[in-house]
Structure formats: C-alpha cells, structure tokens
Amino acid sequence: MIRVRFAPSPTGYLHVGGARTALFNWLYARRHGGVFVLRIEDTDAERSSEAMVEGILDGLRWLGLDWDEGPHTGGTYGPYFQSQRLERYRATAERLVADGHAYYCYCTPDDIRVKRDAAEASSGVGTWRYDRTCCALTGDDIAARERDGRPRAIRVRAPERTIAFDDAVHGSIAFDGANLEDFVILRSDGHPTYHLSVVCDDVDMKMTHVVRGDDHISNTPKQIVLYQALGAPVPTFAHVPLILGSDKKRLSKRHGATSVIEYARQGYMPEAMVNFLALLGWSPGEGDREVFTREQLIAAFDLSGISGGNAVFNVEKLDWFNQQHLWSLPPAELGWRVKPVLERAGLWSDVYAGDKHAWFDAVLQLLKTRAKKIDDFAELGRYFFTMEPAYDPAAVARHLRTDGMRDHLVAIDEAFDALPTFDVDTTEQAVRTVAEVRGVKAATLIHAVRVALTGRTASPGLFEVAVLLGRQVTKARLAQALTLIASPVGG
RNA sequence: GCCGGUAUCGUCUAGGGGUCAGGACACGUGGUUCUCAGCCACGGGACCGGGGUUCGAAUCCCCGUACCGGUACCA
C-alpha cells in the first residue's frame with residue numbers, strides 16, 4: 001500500500017509551489033490506490049494558528065485534493081498536527097541516546113559560533129563541522145554538567161560513510177559522509193528540529209514515498225541517517241523542482257499572485273489550475289495532449305515523468321488552460337459558476353436560475369469564447385444583466401454622434417417594429433435594408449447599433465445580441481442612444 | 001568557499017548516437033466576419049560553452065559557465 005503525504009507549514013495560504021507538491025502526492029496516491037495523508041507542520045507555535053491551517057485546507061479543498069488522513073478526517077496514525085506530537089519526538093530522541101546513536105550536547109549555539117568563526121578565520125574555508133566535544137564526554141562529565149543545570153541538546157552521531165539514495169526524479173544521488181556533521185535533533189528547549197520531526201512522523205505514519213520540494217535534497221542524507229538509526233525502512237524520495245517567477249527567481253509576490261486562493265478569487269477554475277500545475281514540471285511523455293481532466297491526470301501520472309529542472313510559472317498558459325476548461329463546461333454548470341460572480345457585481349437575479357434560465361444559458365454560451373476567466377462574464381455581459389449599460393464615451397462619440405446617425409437609428413427602430421419575428425436573420429436583413437435605402441455602409445449602422453445596445457465597441461455578433469436582448473429592450477436601448485446623441489458632449 | 005541539483009524555441013516540454021529536433025502557450029502575417037473573441041492557414045524562434053569518445057554528438061564522458069537549493073539548537 002502506497003502512502004504519501006503533504007506536510008505544509010501553516011502560513012495562512014497555500015502557495016502554488018506547495019499546491020503542486022500536494023497535487024503530485026495526491027495524483028500518485030490516487031493513481032495507485034494509495035493513501036494521501038495531510039500533516040500540519042506547526043511546531044512553530046508563534047507562527048501558526050487555526051485560521052492559518054484553515055487557509056491551507058481551503059486551498060486544497062478548492063483544488064479538489066481530498067486527503068484520506070489528516071485534519072478533520074482523522075486517521076489511525078494521528079494526531080496530524082506536529083504540535084501535538086512533541087512528546088513523541090522527545091521520546092524518540094531519548095531512545096536514540098539510549099541506543100548510542102545520539103548524545104547529549106552541552107555546547108551552546110554561542111560556543112559553537114565562536115569555534116566556527118575561529119576555525120574558519122584561520123583556515124579561510126567554511127567547512128568547519130561540529131567537533132564532537134560532547135560526544136567524548138564521560139559519565140562523570142555528564143553528571144557534572146547535569147548537576148550544574150546546563151541546558152542540553154541532543155545530537156545524532158553522523159556516520160563517516162557515503163550516503164546514497166535513488167531519487168525517483170533525479171536518479172542516484174550521493175553525499176560524502178565527511179560533509180555530514182553531528183546535527184542537533186532535539187533543541188535544548190526540548191523542541192525537535194525539522195529533521196527529527198519529519199522522520200519521526202514519516203516513520204510513524206508509515207510513509208512509503210516522500211514527494212517534496214527540491215530544496216530538501218541536501219537534507220535527505222541527514223534524514224536517512226535518522227531512518228537508519230531508528231531501524232526504520234527508508235522511503236523512496238522524489239524531489240520535485242521548484243516553481244520560479246518570470247525572472248527565474250524564486251516565485252514571490254512581486255511576480256503576481258502566489259496563493260492558489262488568490263487565483264480562485266480572480267475567477268480561475270480549479271480544474272484549470274490542477275491541469276496547469278500538473279504540467280508544470282511533469283509531462284505524460286509520448287503524445288501531445290495537454291488538456292486533462294482530473295481523472296485523466298490520475299490515469300496518466302507517474303513520478304518518472306517529473307522533470308529535473310525548475311519551471312517558470314507562466315500566467316498566459318494558465319489563462320489558456322482556464323479557457324479550455326471553461327469551454328468544456330456543460331451550460332448548466334457554467335451558469336452555476338457564474339452566479340456568484342454576478343452576485344458580487346450586483347448583477348444577479350434569481351430569475352436566471354428560474355424562468356429565464358434557458359435565456360441565461362444562451363447568454364453565457366454567446367459570451368463564452370470571449371471569456372478567459374469566470375469573472376470575465378460580469379464585465380463581458382454587463383449589458384445583458386442590467387437596464388443601464390455603461391456607455392463608453394469614446395464609442396458614443398465615434399459611432400453614434402455622427403452625421404445622420406439619429407435618423408438612421410430611427411429608421412432601424414421602425415424597421416424592427418415592422419418585423420413579423422425578431423430573430424437573427426430578420427434583424428440583420430432589416431439593418432442591411434436600411435443601410436441600402438439610406439446609402440450608408442451596413443457596417444456603419446452595425447457599429448452604431450452595437451454601441452447603442454451594449455455601450456461598447458466589442459461584443460458578440462450584433463444580431464445574436466439583439467435577439468437575446470429581445471425586441472423591447474433593443475428598442476429601449478435605441479431610444480436611449482437617441483437621447484445620448486441629443487445630449488451635450490460630456491454631459 | 002564547500003556540498004548537491006539543473007541546463008532543448010521567450011515560456012512549459014517531447015525526444016535522444018544518424019530526426020527536416022516534434023508539440024503547446026505566447027508572438028507575427030494572411031483568411032473568415034458587423035467589432036471583439038474564436039476558428040483556419042502560414043511563419044519566425046532552441047539543443048549553455050569548450051574539449052574528448054565515435055565514421056557520426058544536441059544525445060555518452062570530462063571540464064567550465066550560469067541558475068537553483070543546502071551549508072542553523074529555521075522549516
């Protein structure tokens with residue numbers, strides 16, 4: 001049984017890099033019928049709170065990455081908050097001391113800094129490692145220090161041998177034991193360091209694979225030392241590359257939104273984000289397919305398809321993915337998603353979900369190819385959802401306040417009145433006939449009517465718009481345009 | 001400094017001893033149309049550098065370089 005985990009620190013929101021790591025873990029678990037565990041690394045009590053944890057969970061929920069064990073869901077290997085497992089880490093560290101794999105260290109961080117500075121000043125190189133002073137302590141030495149009440153940390157004895165492992169992404173990676181020092185696993189305040197808590201938890205929670213950020217590669221040998229000292233099996237590691245900003249620097253606010261929730265707020269769809277993130281640093285190999293549903297990703301995912309190099313987060317491509325997924329949404333589903341956007345914009349009416357739902361769906365279908373994000377529908381379709389479309393002054397000046405336009409519009413209004421049915425063909429025919437009769441180009445009239453109906457110069461096909469607006473509203477807008485023409489410029 | 005990782009169009013990537021080095025996003029041009037979007041067609045654009053191995057290297061090896069990460073009683 002494959003068991004993987006995502007172990008974020010509760011920073012208050014889910015970063016896109018973390019989201020991708022979570023996604024890879026989730027896909028791997030789902031692909032192989034394994035278990036996806038969510039564990040919160042909140043040992044730093046100062047910097048974490050329940051609200052921050054919820055921020056992370058919200059991000060995961062939005063992406064649709066459900067966890068089998070973790071906060072709220074529980075599980076047999078809990079608790080899933082590191083802050084609740086402190087005793088466990090302490091006991092493990094003591095056990096390692098008892099086993100001879102670790103020892104008490106009474107050197108203070110200050111002692112060590114002084115030694116390091118001195119050593120590096122004389123040698124000129126920064127390769128000083130902890131000199132194992134406390135490793136050599138006799139029972140009497142220790143007793144004496146304990147009597148003095150000296151604070152003590154716990155360090156593991158790092159082996160001399162080379163530590164190598166087979167990374168699922170990078171292949172074989174080896175570290176010379178000479179570069180490993182006896183590192184601290186339990187601080188003098190009784191708190192574990194990161195190395196102890198992750199290994200301890202990953203062992204306790206029976207992780208078979210550790211899929212995490214590239215930045216942990218150099219930590220891995222230390223952790224392997226711990227696994228071995230603990231007599232636990234070493235999991236398979238897969239270190240996934242980082243996500244960078246457009247300047248190839250670590251992704252930060254300066255590059256735009258870094259929180260997945262922020263993208264949710266901007267109107268991106270979770271299925272698009274999932275698709276985009278999955279293909280950022282992972283490729284299904286053969287075939288040119290790029291658009292995947294969640295299920296298709298699960299079926300295609302494999303750790304071996306993860307590339308070794310860092311990837312740049314490219315919003316334009318995200319936009320494209322969003323568009324692709326937007327277009328493949330069934331009409332009713334699209335309406336359901338647009339509703340909250342219109343509500344926020346004050347453009348929603350319950351009839352859109354009731355008597356006028358067919359009309360509403362038709363409007364959305366018409367706007368669809370022009371929308372990149374769900375939020376775009378509010379702006380793109382404003383004139384459908386309110387009786388007071390916003391007239392763009394420049395558009396009015398250019399297309400409405402022109403010579404003879406007043407009379408042209410009156411003629412069109414009359415032509416519309418006379419139509420037996422108000423459909424795309426009849427309205428188009430009517431406008432073209434007026435153009436011919438009055439000796440103007442049809443395009444001129446079409447542009448003018450577009451501004452009259454929508455307030456802007458760009459819209460879907462004019463006659464589709466007119467028909468959806470209906471004869472009454474169309475006539476009302478033409479009338480409104482006439483008063484605009486008559487009103488003083490700028491007024 | 002030391003340790004580790006990575007290097008194919010601007011970006012995400014496929015491929016991998018002999019290929020016209022493929023696709024996608026973005027970009028440019030043309031077409032369609034009432035505008036915009038879309039759609040269709042076409043186009044420009046890449047194997048980091050230097051050595052070596054080889055009949056042949058983008059591919060394998062070495063060395064550089066660049067970038068990223070680590071080098072803590074941070075996670």
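Quick note on labels: first sequence line is chain A, next is B, and so on, each numbered from 1. As the structure is a computational prediction, the values presented were derived from the model and not from experiment.
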**Request:** With a 3.5 angstrom cut-off on both distances, give the Watson-Crick or G-U wobble partner of G69(B), or none if there isn't one.
**Result:**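 Per the H-bond distance test, C3(B).
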**Contacts of Glu146(A) that satisfy salt bridge (charged side-chain N to carboxylate O under 4.0 Å, His left out) - sequence neighbours left out** =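 Residues passing salt bridge (charged side-chain N to carboxylate O under 4.0 Å, His left out) with Glu146(A): Arg152(A).
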Can you sort out the partners of [X] under side-chain hydrogen bond (donor to acceptor under 3.5 Å, both in side chains), two or more places apart, ordered by chain and number?
{"X": "Ser218(A)", "answer": "none"}
{"X": "Asp182(A)", "answer": "Tyr103(A), Arg132(A)"}
{"X": "Asn314(A)", "answer": "Glu316(A)"}

Could you measure between the two [atom1] atoms, the one in [N] and the one in [M], and give it in whole Å?
{"N": "G22(B)", "M": "A58(B)", "atom1": "C1'", "answer": "14 Å"}
{"N": "A57(B)", "M": "C25(B)", "atom1": "P", "answer": "35 Å"}
{"N": "U53(B)", "M": "C61(B)", "atom1": "C1'", "answer": "7 Å"}
{"N": "C68(B)", "M": "C63(B)", "atom1": "P", "answer": "22 Å"}
{"N": "G17(B)", "M": "G51(B)", "atom1": "P", "answer": "23 Å"}
{"N": "G44(B)", "M": "U29(B)", "atom1": "C1'", "answer": "10 Å"}

Residue list, side chain to side chain contact (heavy atoms under 4.5 Å, CB included) with [X], at least two apart or on another chain:
{"X": "His195(A)", "result": "Phe183(A), Thr193(A), Asn219(A), Lys222(A), Gln223(A), Leu226(A)"}
{"X": "Asp392(A)", "result": "Ala394(A), Ala395(A)"}
{"X": "Thr433(A)", "result": "Gln429(A), Val437(A)"}
{"X": "Asp376(A)", "result": "Ala371(A), Lys372(A), Lys373(A), Leu380(A)"}

**Prompt:** Which comes earlier along RNA chain B counting from the 5' end, the contact point of Tyr106(A) or that of Arg370(A), where each point is its nearest nucleotide?
**Reply:**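 Taking each residue's closest nucleotide, the earlier one in sequence belongs to Arg370(A).
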Taking 4.0 Å as the cut-off, does a side-chain nitrogen or oxygen of [X] come that near to OP1 or OP2 on [N]?
{"X": "Lys222(A)", "N": "U71(B)", "answer": "no"}
{"X": "Lys317(A)", "N": "A26(B)", "answer": "no"}
{"X": "Arg250(A)", "N": "G69(B)", "answer": "yes"}

So what does [X] touch, heavy atoms closer than 4.0 Å: a base, only the sugar-phosphate, or nothing?
{"X": "Ser9(A)", "answer": "sugar-phosphate"}
{"X": "Gly213(A)", "answer": "nothing"}
{"X": "Lys249(A)", "answer": "sugar-phosphate"}
{"X": "Ser188(A)", "answer": "base"}
{"X": "Ala174(A)", "answer": "sugar-phosphate"}
{"X": "Pro460(A)", "answer": "base"}

Near RNA chain B, under 4.0 Å by heavy atom, which residues of [range]?
{"range": "residues 308-316 of chain A", "result": "Gly308(A), Gly309(A), Asn310(A), Ala311(A), Val312(A), Asn314(A), Glu316(A)"}
{"range": "residues 175-186 of chain A", "result": "Phe175(A), Asn179(A), Glu181(A), Val184(A)"}
{"range": "residues 148-160 of chain A", "result": "Ala153(A), Arg155(A)"}

**Request:** Would you kindly say whether Thr220(A) and His239(A) are connected by a side-chain donor-acceptor distance under 3.5 Å?
**Result:**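 Distance-only check passes for Thr220(A) and His239(A).
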Taking only the side-chain heavy atoms of [X] (C-beta and beyond), determine which of [options] contains the nearest atom.
{"X": "Glu464(A)", "options": "A75(B), C34(B), G23(B)", "answer": "C34(B)"}
{"X": "Ser307(A)", "options": "U13(B), U35(B), C67(B)", "answer": "U13(B)"}
{"X": "His447(A)", "options": "G38(B), U35(B), G69(B)", "answer": "U35(B)"}
{"X": "Trp327(A)", "options": "G38(B), G5(B), G69(B)", "answer": "G38(B)"}
{"X": "Arg129(A)", "options": "G23(B), C2(B), U35(B)", "answer": "C2(B)"}

**Request:** Assess whether ring-ring contact (aromatic ring centres under 6.0 Å, His included) is satisfied between Tyr194(A) and His216(A), documenting all intermediate values.
**Result:** CA-CA 11 Å; Tyr194(A) 171 70; His216(A) 287 292; 5.3 Å; yes
**Item:** Sequence neighbours excluded, every pair satisfying ring-ring contact (aromatic ring centres under 6.0 Å, His included) that has a member inside residues 104-128 of chain A
**Value:**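 ring-ring contact (aromatic ring centres under 6.0 Å, His included) check on residues 104-128 of chain A returns no pairs.
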